[in-house]
Amino acid sequence: MTTDPRIGPPHIGSERDTLRAFLDYHRATLAMKCEGLGDDQLRERSMPPSTLSLLGLVRHMAEVERAWFRRVFEDGEAPMVWSDRIDFQAAYDASRSTRAEAFAAWEAEVENSRRIEREAASLDLVGHQPRWGEDVSLRMVMVHVLLEYGRHNGHADFLREGVDGTVGA
């Protein structure tokens with residue numbers, strides 16, 4: 001991690017532009033934390049018996065993107081990526097996963113999420129969160145996913161430090 005390719009959010013902007021930029025900033029942060037690492041390094045666990053690893057976080061965030069954008073606004077029955085049931089923990093076990101597999105799934109879900117957000121007329125777009133059985137706005141979804149990235153990027157700092165001794169950005 002020698003360069004920081006992230007673009008910071010605007011200091012002045014609309015609510016939508018700010019949420020979009022913060023979300024992309026945090027997505028870029030997760031990718032940056034994984035930069036330059038091979039499959040074995042990405043699979044290094046935080047500490048046994050935990051299955052948490054950088055690769056597991058990438059897989060988990062693919063599930064989060066799918067659950068909060070695709071399942072809420074397009075297809076409430078869309079299957080999870082790594083679980084036959086709604087089990088977000090299943091994604092954490094990346095013991096047999098590869099960078100290529102995990103990043104392909106994550107990047108596809110991110111692009112789908114971006115498309116859904118771009119096509120929405122406003123942040124007031126309402127979708128149905130099947131796990132909660134309640135309607136939610138695009139605004140709420142974007143804030144929720146942003147908070148998920150913030151929390152998990154904190155884990156990524158710890159995991160990256162364990163792999164190569166770097167300190168979080």
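Treat the numbers as computed from the prediction; the structure is a model and nothing was measured.
Tracing side-chain contacts under 4.5 Å through hydrophobic residues (I, L, V, M, F, W, Y), one never reaches V81 starting from L30; they form parts of separate clusters. Neither V110 nor W82 shares a network with the other; the hydrophobic side chains, linked directly or stepwise wherever heavy atoms of I, L, V, M, F, W or Y lie under 4.5 Å apart, form separate groups for each. Hydrophobic clustering, with ILVMFWY side chains joined whenever heavy atoms are under 4.5 angstrom apart, groups V72 together with W132. Note on L57 and L147: same hydrophobic cluster, where clusters join Ile, Leu, Val, Met, Phe, Trp and Tyr whose side-chain heavy atoms are under 4.5 Å apart, directly or indirectly.
A salt bridge links R115 with E119; the closest basic N to acidic carboxylate O contact falls under 4.0 Å. A salt bridge links R139 to D124: at least one charged side-chain nitrogen sits closer than 4.0 Å to a carboxylate oxygen. Salt bridge annotation for R71-E74: absent, with no cationic side-chain nitrogen under 4.0 angstrom from a carboxylate oxygen.
Taking the side chain as every heavy atom from C-beta outward, M80 and E63 approach each other to under 4.5 Å. Within the 4.5 Å cutoff, the side chain of L19 has heavy atoms near those of the V143 side chain. Contact annotation: the side chain of P10 approaches that of T18 to within less than 4.5 Å [non-hydrogen atoms, C-beta and beyond].
For the pair C34 and V58, the tightest heavy-atom approach, listed with the atom from each and the gap, is SG-CG2, 3.8 Å. Taking both residues in full, the closest heavy atoms of G76 and P130 are given as O-CG, 3.7 Å, listed atom of the first, atom of the second, then distance. Of all heavy-atom pairs spanning L54 and L37, the tightest one is CD1-CD1, 3.6 Å. Summarising the geometry of R99 relative to L55, their closest heavy-atom pair is CA-CD1, 3.8 Å, with the distance given to 0.1 Å. The nearest pair of heavy atoms linking R66 to P79 is NH1-O, 2.5 Å.
Between W106 and Y149, the ring planes are tilted. Angles from 30° to 60° get that label. By the 30° and 60° cut-offs, the orientation of the rings of W68 relative to H144 is tilted.
Judged by distance alone, the side chain of R6 and the main-chain N or O of M32 form no donor-acceptor pair under 3.5 Å. With hydrogens and angles ignored, the 3.5 Å screen pairs a side-chain donor or acceptor of R59 with a backbone N or O of D93.
Considering only residues two or more places apart in sequence or on other chains, S46 meets the side chain to side chain contact (heavy atoms under 4.5 Å, CB included) condition with S50, L52, F158, L159. Residues satisfying the side chain to side chain contact (heavy atoms under 4.5 Å, CB included) test with R20, not counting sequence neighbours, are R16, D17, D24, E117, M142.
Residue H60 is tested with H155, E65, H152 for a side-chain contact (heavy atoms from CB on, under 4.5 Å); the sole match is H152.
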